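Being a predicted model, the structure only gives us computed values, none of them experimental.
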Amino acid sequence: MVERKRNIQDETLSSTRYLLLSTVYLLSSCYSVHAMKYLEGLNSRQTAAVLYTKGPLLIVAGAGAGKTRVITHRIFHLIKQGVPPEAILAITFTNKAAKEMKDRVHELISGNRTLSQEDGFDSSTNRYTLHANRFPWLGTFHALGVHILRENSHRLGLSKRFAIFDRGDSISAMREAIKESGLDPKSFEPGKILSAISREKGNMVRLDAFLERGNTGYFQEIVGSVWEKYEAILKREKALDFDDLLLKTAVLLDEEKSVREHYQKVWSYIHIDEYQDTNHAQYIIAKLLAKEHKNIAVVGDPDQNIYEWRGAAIKNILHFEKDYPSAKIVLLEENYRSTQTILAVANSVIKKNKRRKEKILFTKGVLGEKIGLFTAYDEAEEASFIAMRSKKLIAEGVSPSEIAVLFRANFQSRALEEAFLREEVPYQVLGVRFFERKEVKDILAYVRAALNPESMGDFRRIINVPPRGIGKVTLLKILAGKENGLPATMREKISAFRKLLDELKHRLSAVALSEAIKWIMAKSGLEAEFKKGGAEDEERLENIKELVTFATRYDHPPAGGVCSEMVDKFLTDVALQSDQDELKDEKVAVRLMTVHASKGLEFEYVFIAGLEEGLFPHERLNETQDESAEEEERRLFYVALTRAKKKIFLTYAGVRTIFGSRQVTMPSEFIFDIDEEFLQIEEATSGIVVDCG
């Protein structure tokens, strides 16, 4: 307790010193701070980050430290100082985060009446609005890649409307590539090969360079041969996968001087959120865009880097000062989310890591409840405890949406779902993506095939959806260019299908997108087909109706725009959806998700399940003995802890069934990293807690 008080005192002294330095900075600046009402509510470090606008800036923002607030206020401050809004670029990692950023910037702008009169002030609503083409560019790295590649598609031999393969599309193409390579997809997992290729592309390695590298390992040879077939399929479909959106953008900016200089002129102020999660391709994109003006502000936290396994390079943020020696560094350590107890535990866990920027999270809020610790006999008892305790919290007035259950591996959700169903507690599993449902992808394929007749993948997908009596043999003849040799009745069916797509193409350019989708639902026969079916088909029809609702967002193009532009935007936005974008705020339910999926979210109450050696931290550590992997697992636990606002429950099972066999487990080392004074033992049924302090 004495040590904790000393730490809080040190933090207070540090904050006081920083406040004095910031005050001197503000007084010596040319800005009239008193006139900057929008700075009210920011702490001294946040204010310093907002006001520092010339040159490179590194904002190390701890969990819950208000980084989005800082970025959006900094963007607004730049506009207030006369920077053209369209010269500002802000990149983040999810559509959800990008939307939040856009909404906040719009709110700051719309409530201000002192900006350039070139834009519009609506006296009837007392709101100020920037013209669409003057708003800052805010979006994800992948969306930025799409934007740049579509504007320069002619340089890449691509159609401006190139298709974007999502994960499901890429897996299907990879399965086909494996077959074309003479291999068995059952023996060579498509996802594993795709991940290997993804990592190479993220590291800026192209197919020709990979082959020239002379890989001698068996798996590497397999990857090389399959990669060639996979690229041929992408080329044939006139498509790019997610990794191409980054790789080809980075290569284009690097190799085409005129393109690079153009975008350097377009965006003179660059912001990058979650910089610790950038891979090499994203790092190159950011570096090239910022090379001319060097007005680059990056925000991130090395302690929240949890994607090294898929290519995120923590060195990008740790070495920022080497890339930009004149960089200013601002630490955001005051947390506005969690209790002091939660932060003390998070600090004690993460301090064991070596690859990090030293910081100590603190709050001026309450000390808060202790961390609950429950020891279960097996995963069924663990799940039962979590479901019942959630039910108790809900009965006490906690919204189900403010409760999250986090786990390390997807298989853990099965026992949890059974327990929540049994206890009749509403829940939602994050990970079942709306836009990857078959019926939704079928409608999207109709739209893409209508716009791009050369998209054979989409054509193949829907030519017999709903059934039109067109079998696989017929389809192979069509794809082989032997359509004329088919019977007359079959040619009539194919001709009718092509006319359907032609009519859809016309409607997509002439009517609202939602109306065009309603039309294809009816004319394709899908709606009638689903109405004839049972409960599952009813749900599929409801999903398509939900797609129509989503499409209404794209019904009205901006002034001077056309419907086709909104269709392109719709297809791009759908392709770039992430797991978090699937969370529907209106669904009142307990959230069940992996720790990785919880990144960026927050809840009042958080259960962290399966804290056992081999599960969390994951067993791959025992195989590799890799210190970097060990640190990443600890960062993952740190992320899980810092999702909670009020209270955390840690659970583990003494026996767990994995791959059909029951195994005796040991408690996770992470539990032993927590001082006993912060823990209380939870009992299964009585609700009794035992203080460990």
Side-chain angles (χ1 to χ4, degrees), residues 161-176 233 237-239 241 432-472 474-476 478-479 493-508 511-554 567-577 581-582:
R161 281 180 166 164
F162 61 79
I164 301 171
F165 274 17
D166 62 19
R167 177 75 178 178
D169 296 326
S170 293
I171 289 289
S172 296
M174 182 56 65
R175 190 173 289 112
E176 185 179 344
I233 292 170
E237 296 290 335
K238 292 182 168 48
D241 65 16
V432 182
R433 296 179 60 184
F434 176 78
F435 293 103
E436 289 188 0
R437 291 181 170 94
K438 180 185 182 303
E439 60 275 12
V440 173
K441 293 196 75 169
D442 287 342
I443 292 292
L444 295 175
Y446 268 102
V447 174
R448 289 197 299 262
L451 296 174
N452 181 14
E454 294 180 275
S455 177
M456 287 297 103
D458 291 315
F459 184 87
R460 184 168 56 239
R461 180 185 183 96
I462 58 173
I463 192 170
N464 206 39
V465 176
R468 297 184 176 90
I470 302 174
K472 291 183 178 179
T474 300
L475 179 58
L476 288 173
I478 296 171
L479 297 177
K493 289 181 181 180
I494 297 166
S495 176
F497 177 69
R498 288 205 167 100
K499 286 178 181 177
L500 179 73
L501 293 181
D502 287 341
E503 177 63 18
L504 176 58
K505 181 177 182 179
H506 169 71
R507 287 179 176 272
L508 287 168
V511 303
L513 175 61
S514 61
E515 292 301 318
I517 292 178
K518 286 180 185 177
W519 183 87
I520 197 60
M521 280 174 61
K523 292 298 181 180
S524 67
L526 274 171
E527 187 172 15
E529 184 77 12
F530 289 141
K531 284 182 176 178
K532 289 189 301 185
E536 288 186 3
D537 282 338
E538 285 180 17
E539 184 178 345
R540 292 187 179 102
L541 184 58
E542 288 300 316
N543 286 333
I544 296 179
K545 289 180 178 179
E546 177 63 25
L547 180 65
V548 172
T549 301
F550 177 81
T552 59
R553 305 180 192 180
Y554 303 84
V567 176
D568 290 340
K569 187 176 189 315
F570 164 77
L571 291 174
T572 299
D573 289 352
V574 165
L576 300 183
Q577 291 284 307
D581 300 318
E582 296 296 319

Between L547 and N543, is a side-chain contact (heavy atoms from CB on, under 4.5 Å) present by the stated rule, with each step listed?
-> CA-CA 6 Å; L547 180 65; N543 286 333; over 6 Å; no
Does a side-chain heavy-atom distance below 4.5 Å link V574 with V440?
-> no
Going by heavy atoms in the side chains, are L571 and L451 under 4.5 Å from each other?
-> yes
Kindly indicate, with the supporting measurements, whether the criterion side-chain contact (heavy atoms from CB on, under 4.5 Å) is fulfilled by I517 and F570.
-> CA-CA 12 Å; I517 292 178; F570 164 77; 4.2 Å; yes
Distance-only, no hydrogens or angles: does the R468 side chain make a donor-acceptor pair with backbone N or O of I463 under 3.5 Å?
-> yes
Are F530 and E542 close enough that some pair of their side-chain heavy atoms sits under 4.5 Å apart?
-> no
Does a side-chain heavy-atom distance below 4.5 Å link D458 with L444?
-> no
Go through the steps to decide whether L475 and R460 satisfy the test side-chain contact (heavy atoms from CB on, under 4.5 Å), and finish with yes or no.
-> CA-CA 7 Å; L475 179 58; R460 184 168 56 239; 3.2 Å; yes
Write down the atom of A450, the atom of P453, and the distance for their closest heavy-atom approach.
-> O-CD, 4.4 Å
Just by distance, do the side chain of D241 and the backbone of F165 share a donor-acceptor pair under 3.5 Å?
-> no
Any Lys/Arg nitrogen of D537 or K532 sitting under 4.0 Å from an Asp/Glu carboxylate oxygen of the other?
-> no
Please indicate whether K441 has more than 12 foreign heavy atoms, meaning atoms of other residues, nucleotides or ligands, lying under 6.0 Å from its NZ.
-> yes
Checking N464 side chain against G469 main chain: does a donor-acceptor pair fall under 3.5 Å?
-> yes
Any side-chain heavy atom of D169 sitting closer than 4.5 Å to one from E237?
-> no
Could you walk me through whether Y446 and M521 pass the side-chain contact (heavy atoms from CB on, under 4.5 Å) test, one step at a time?
-> CA-CA 10 Å; Y446 268 102; M521 280 174 61; over 6 Å; no
How about L501 and I462: do any of their side-chain heavy atoms sit closer than 4.5 Å?
-> yes
Candidate list K505, H506, K499, test side-chain contact (heavy atoms from CB on, under 4.5 Å), partner E503, passing option = H506
Could you pull out the closest heavy-atom pair between L508 and A516, with the gap in Å?
-> CD2-CB, 3.7 Å
What one should report as the nearest heavy-atom pair of P466 and G525 is CG-C, 3.7 Å
Starting at CZ of R540, measure out to CG of D442 and round the result to the nearest 0.5 Å.
-> 10.0 Å
Can you tell if the side chain of Y554 reaches within under 4.5 Å of the side chain of D573, non-hydrogen atoms only?
-> yes
Side chain proximity check, T549 to K545, heavy atoms < 4.5 angstrom | no
Which value, rounded to the nearest 0.5 Å, describes the distance between I544 atom CD1 and E546 atom CD?
-> 12.0 Å
Mind listing the closest non-hydrogen atom pair of R461 and K438 along with its distance?
-> NH2-O, 3.4 Å
